[in-house]
Amino acid sequence: MRMNTYPDVIVIGAGLSGLTAAWQLAARGHRVRLITKGWGATHWHSGCIDVLGYFPIGNTPPVSLPRETLATLIANMPEHPYALVGIERLEAALDAFATLCHDAGYPLHGSLDSQWLLPSAVGAFRPTCLAPETMMAGDLSRHDREPMLIVGFERLNDFYPELIAANLIKQGHLARGTLVETPTLRRQKAINTLVLARLFEQATFRAEFIAAVKPKLGKAERVGIPAVLGFDNALAIKAELEKAFDRPIFEIPTVPPSVPGMRLHRILTRAIERAGGDIRTGMQVVAADTKGDRVTTIWTEAAARRVPHHADTFVLATGGILGGGITTTYTGEVREVVFGLPVNAPTDRMAWLYRDVLDERGHPIFRAGIRVNSSFRPLDGETPRYTNVHVIGTTLDGCEPLRERSFEGIAIATGFAVQDALPTTNHSTSA
Amino acid sequence: MFVEQTLDNCIKCNICVTECPVAAVTDKFPGPKYEGPQAARFRQPNQPLTDWSVDYCSGCRVCNMVCPTGVRIAEINARARAEMVRKGAFGWRTRLRNNLLARSELLGKVGHPIAPLANALLQNPLGRLAAEMTLGIARHAPLPTFSRERFTAWYRAHQPANAPKGKVVYFHGCSTEYYEPRVGRAAVRVLEANGFDVIIPPQHCCGLPLLSNGEFDAARNYHRRNVNSLVEYARQGIPIVGTSTSCTLTLKEEAPELLDAFDEESRLVAERTFDLSEFLLNLHTRGELNTEFRSIDLRAVYHPPCQYRAHRVGRPSLELLRLIPGLDIVESHAACCGIAGTYGFKAEKYEIAMQVGQPLFDLVRATGGPIAICDSETCRWQITHGSGVPSVHPMELLALAYGYEPEGVLQQQTL
Ligand code: SF4
Ligand code: SF4
Ligand code: SF4
């Protein structure tokens with residue numbers, strides 16, 4: 001008897017796109033194995049779902065009605081991942097994702113018909129489409145006059161309330177910054193977002209925090225704090241603080257490790273495992289076997305050997321230049337690391353970067369990506385290089401996630417849409 | 001890539017810090033990024049030692065498994081500790097204690113012949129208090145008891161079955177030899193049920209406890225002797241299997257990598273070494289596993305030890321256990337049980353180890369099965385110590401499913 005638990009799909013990479021694909025495919029009855037070197041983008045990003053912040057890029061005012069602007073983008077950029085996915089599937093993907101988070105007790109709010117403007121850790125505004133409930137009260141788009149108190153923690157690096165407040169004031173908002181310290185924090189050798197998130201899960205620490213902030217509230221009508229309100233009970237913790245302060249409170253995303261990003265990571269990995277998916281970390285793909293236009297097996301590095309993994313379909317979600325899915329060599333080659341797929345990038349090394357680091361046009365090398373057809377099969381010229389490989393997320397060509405502020409939107413949309421390109425399955429599911 | 005070179009890959013993302021189970025419970029240990037790639041920059045030949053905190057790394061390798069750029073953080077930390085030992089940073093009392101805990105083979109040789117007396121001493125509260133005060137061996141930590149019969153004594157008396165499938169070398173490790181021979185008996189039975197002739201060549205401790213206590217010279221000696229004893233079999237293509245996931249990891253990777261043992265013989269042995277479940281699952285992939293299992297009606301938690309995850313071969317024991325009808329396995333996602341080899345036996349680390357293991361103990365208790373399942377011996381002792389639930393090796397259940405008589409705690413179950 002042979003085992004029947006072999007995967008029919010292997011997803012490579014555990015950023016937001018790989019996790020979304022693994023979750024959706026497992027929930028639809030595929031036997032999914034997710035293979036990843038380690039965790040990635042989810043621990044860096046803000047925990048908000050940016051769909052489209054700027055278009056065309058370089059145009060200063062942020063997109064205010066994503067749905068309309070997306071239609072323009074799709075009409076003008078037929079190779080953009082959003083054009084491959086289409087607005088309908090993008091919206092279905094966002095709905096499914098929001099429902100998953102809602103059911104996990106961590107609702108996200110927003111839609112393609114509006115845009116949140118939320119303060120960043122330097123007090124700039126960030127346009128985003130879906131925001132967790134813990135961040136909503138920070139919205140700056142209302143142009144209201146509700147004064148804000150921004151609270152930081154002594155010794156927490158890269159979160160300076162006075163700086164945030166000063167920048168908010170420059171943009172016409174009323175804000176004040178303050179730092180707090182508590183007895184527990186004073187005893188703590190190191191302070192970082194993780195330490196704080198773990199402390200906020202303890203009632204005694206929350207009481208200390210409330211006692212430290214209350215006398216400073218003054219005329220503030222809402223309170224902003226770094227995004228550290230615990231991992232699993234952020235909503236309840238927020239409610240408790242709001243009751244004590246008698247004011248709305250909102251989280252502001254921090255530099256990594258990002259607690260709101262990790263919350264989404266936990267929700268997704270749990271969903272994958274509930275649906276019977278098999279997550280394997282610490283596994284780096286080092287080779288692939290192919291037969292004609294199909295990949296048959298990938299090999300991962302292990303102690304003293306390489307281990308084979310067979311599947312019918314492979315979904316590549318390893319990220320672009322920044323995520324490590326695409327690398328460059330000293331000899332001027334731009335390589336896709338797993339299958340050696342053709343990358344669309346300038347062939348002349350001198351054309352990778354502009355002279356000025358902050359050049360407004362954005363460096364061409366960051367646009368390097370894999371061209372795909374409408375079913376996400378990687379193209380070699382105009383024909384698919386492999387018929388059972390699908391490429392998703394920021395590994396894709398035709399977009400500039402960072403400058404468009406479309407990173408999470410592209411990841412979730414393509415991670416969701418890739419299921420339509422796979423053969424349907426009749427495995428029973430344990431979801 | 002060599003261990004130290006990997007530190008240049010670090011992108012300071014802090015992902016390792018988010019997962020380190022030790023940093024989560026104590027601020028004596030700031031976390032993998034700080035101790036590993038960051039502090040390693042200051043650990044240069046003529047520099048003074050950096051601070052003590054790296055000794056609080058348990059070596060569980062959880063950090064390695066989540067780092068997106070492949071930094072070998074746990075190994076960097078292990079080497080830093082060895083450097084501290086070499087430079088005399090630990091006092092004689094600590095080194096004596098660490099050596100006592102780490103020399104499981106020596107301990108076995110001394111303790112086994114006087115098992116009843118040794119057991120009485122090791123389990124005596126007054127004796128344990130004294131050991132904590134003089135040596136720093138945590139008085140509540142779960143020390144094992146010596147078995148009456150050594151595993152190899154049983155094996156010599158054992159009648160091998162018909163073996164059409166050829167030979168397999170079994171590396172039993174110290175714990176099977178002196179404390180839990182039932183695990184070795186189960187392994188031999190499972191292999192025989194699959195038609196293999198089990199060979200047990202002379203062998204020594206794999207050296208892992210010494211490696212994780214920074215005693216690299218002693219570890220090198222053990223590793224060399226094992227390679228000498230095993231390499232002939234490896235040359236003939238005979239697989240070497242083990243039931244202790246830390247022994248097999250040491251033969252495969254830890255010893256060669258940490259000790260720079262990149263010679264041909266060490267490599268041959270490493271390449272032919274398998275964890276027994278890994279080996280059996282490979283058989284199954286080829287359709288060659290004997291799957292005539294009788295059903296075992298039982299619900300139990302299976303905890304994949306971190307040492308096993310570090311093999312990077314998935315969860316073979318879990319897949320095998322799921323082949324046994326009736327067996328309802330609850331998979332533990334806990335990062336670590338806390339004990340980390342000899343770590344949790346040390347008085348200054350006992351509490352940390354118990355806190356690290358708490359989520360796992362809670363899961364085991366909440367699941368409410370009569371047993372828990374884990375591949376690594378010290379983890380089994382720790383799980384039992386923390387949860388009060390007896391623990392067995394996956395092979396014990398496999399042997400039972402092949403129709404062999406149950407032993408140990410499984411005997412007391414009506415299955
Ligand atoms: S090996 Fe374990 S204890 Fe040590 S730094 Fe890594 S995760 Fe932390
Ligand atoms: S996870 Fe890896 S890359 Fe990130 S900080 Fe830790 S060691 Fe560095
Ligand atoms: S003791 Fe067990 S669970 Fe803990 S570190 Fe070791 S192998 Fe991991």
Side-chain angles (χ1 to χ4, degrees), chain A residues 1-7 13-15 33 35-44 184 187-195 197-198 231 254-259 261-262 265-266 269-270 273 278-284 300-310 318-319 322-324, chain B residues 11-20 23-31 34 53 61-71 248-249 251-254 256-257 267 269-275 278 281 284-287 289 291 309-315 318-320 322-323 331 333:
Chain A
M1 186 192 89
R2 267 165 201 268
M3 259 185 88
N4 56 10
T5 58
Y6 286 114
R33 179 176 295 174
I35 287 181
T36 180
K37 206 161 151 187
W39 301 136
T42 45
H43 289 57
W44 304 331
T184 304
R187 284 193 303 273
Q188 197 71 30
K189 274 198 208 136
I191 307 273
N192 57 40
T193 51
L194 290 173
V195 167
R198 285 174 187 133
F231 293 104
T254 63
V255 297
S258 159
V259 173
M262 290 172 68
H265 173 92
R266 287 187 186 197
T269 48
R270 282 175 195 163
E273 278 167 349
D278 171 11
I279 302 177
R280 302 190 174 186
T281 66
M283 285 192 169
Q284 185 184 358
T300 57
E301 182 267 355
R305 71 200 46 151
R306 290 173 166 194
V307 187
H309 308 258
H310 318 283
T318 44
L322 296 174
Chain B
I11 51 171
K12 308 282 180 277
C13 68
N14 273 304
I15 285 175
C16 51
V17 184
T18 69
E19 303 270 341
C20 171
V25 301
T26 175
D27 81 343
K28 290 190 172 127
F29 187 70
Y34 308 98
S53 49
R61 294 178 194 77
V62 168
C63 47
N64 288 15
M65 300 300 285
V66 298
C67 170
T69 66
V71 180
T248 45
L249 183 68
L251 287 173
K252 276 184 181 183
E253 183 172 73
E254 286 299 294
E257 197 162 75
R267 190 181 60 77
V269 168
E271 280 172 2
R272 297 307 300 169
T273 300
F274 300 84
D275 165 73
E278 176 193 11
L281 193 65
H284 190 41
T285 314
R286 301 196 297 267
L289 184 77
T291 50
R309 297 180 215 190
H311 284 242
R312 313 191 285 290
V313 294
R315 282 152 294 203
L318 185 69
E319 292 187 45
L320 285 177
R322 289 202 163 138
L323 298 175
E331 184 189 356
H333 292 285

Can you check whether [Y]'s main-chain N or O pairs, donor with acceptor, with [X]'s side chain at less than 3.5 Å?
| X | Y | value |
| --- | --- | --- |
| A:Thr281 | B:Met65 | yes |
| A:Arg305 | B:Ala270 | yes |
| B:Asp27 | A:Gln188 | no |

**Item:** Sub-4.5 Å side-chain heavy-atom contact between A:Arg280 and B:Arg315
**Value:** yes
Quiz item: Is the shortest heavy-atom distance from the side chain of B:Glu331 to the side chain of A:Glu273 under 4.5 Å?
Solution: no
Option that, when pairs with chain A are counted at under 4.5 Å, heavy atom only, ranks first among [options]:
| options | value |
| --- | --- |
| B:Arg322, B:Glu19, B:Arg309 | B:Glu19 |
| B:Arg272, B:His311, B:Arg267 | B:His311 |
| B:Val313, B:Leu249, B:Ile15 | B:Ile15 |
| B:Glu271, B:Glu254, B:Lys252, B:Glu253 | B:Lys252 |

Taken in chain and number order and not counting sequence neighbours, the residues that satisfy ring pair (Phe, Tyr, Trp, His ring centres under 6.0 Å) with A:His265 are A:Trp39, A:His43
Given A:Glu301, A:His310, A:Gln284, A:Arg187, the one with more heavy-atom pairs under 4.5 angstrom with chain B than any other is A:Glu301
Under 4.5 Å from any heavy atom of chain A, what part of [X] do you find: side chain, backbone, both or neither?
| X | result |
| --- | --- |
| B:Cys13 | both |
| B:Leu251 | neither |
| B:Phe274 | both |
| B:Thr248 | neither |
| B:Ala24 | both |

OG1 (B:Thr18) and CG (A:Asn192) are apart, to the nearest 0.5 Å, by 10.5 Å
Name all residues meeting the side chain to side chain contact (heavy atoms under 4.5 Å, CB included) criterion together with A:Thr300; count only those two or more places apart in sequence or in a different chain, and write none if there are none.
->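 Expected list: A:Ile35, A:Met283, A:Val285, A:Val307, A:His309.
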Which atoms form the tightest heavy-atom contact between A:Pro256 and B:Asn14, and what is the distance?
->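 Looking at all heavy atoms of both residues, the shortest contact is O-ND2, 3.8 Å.
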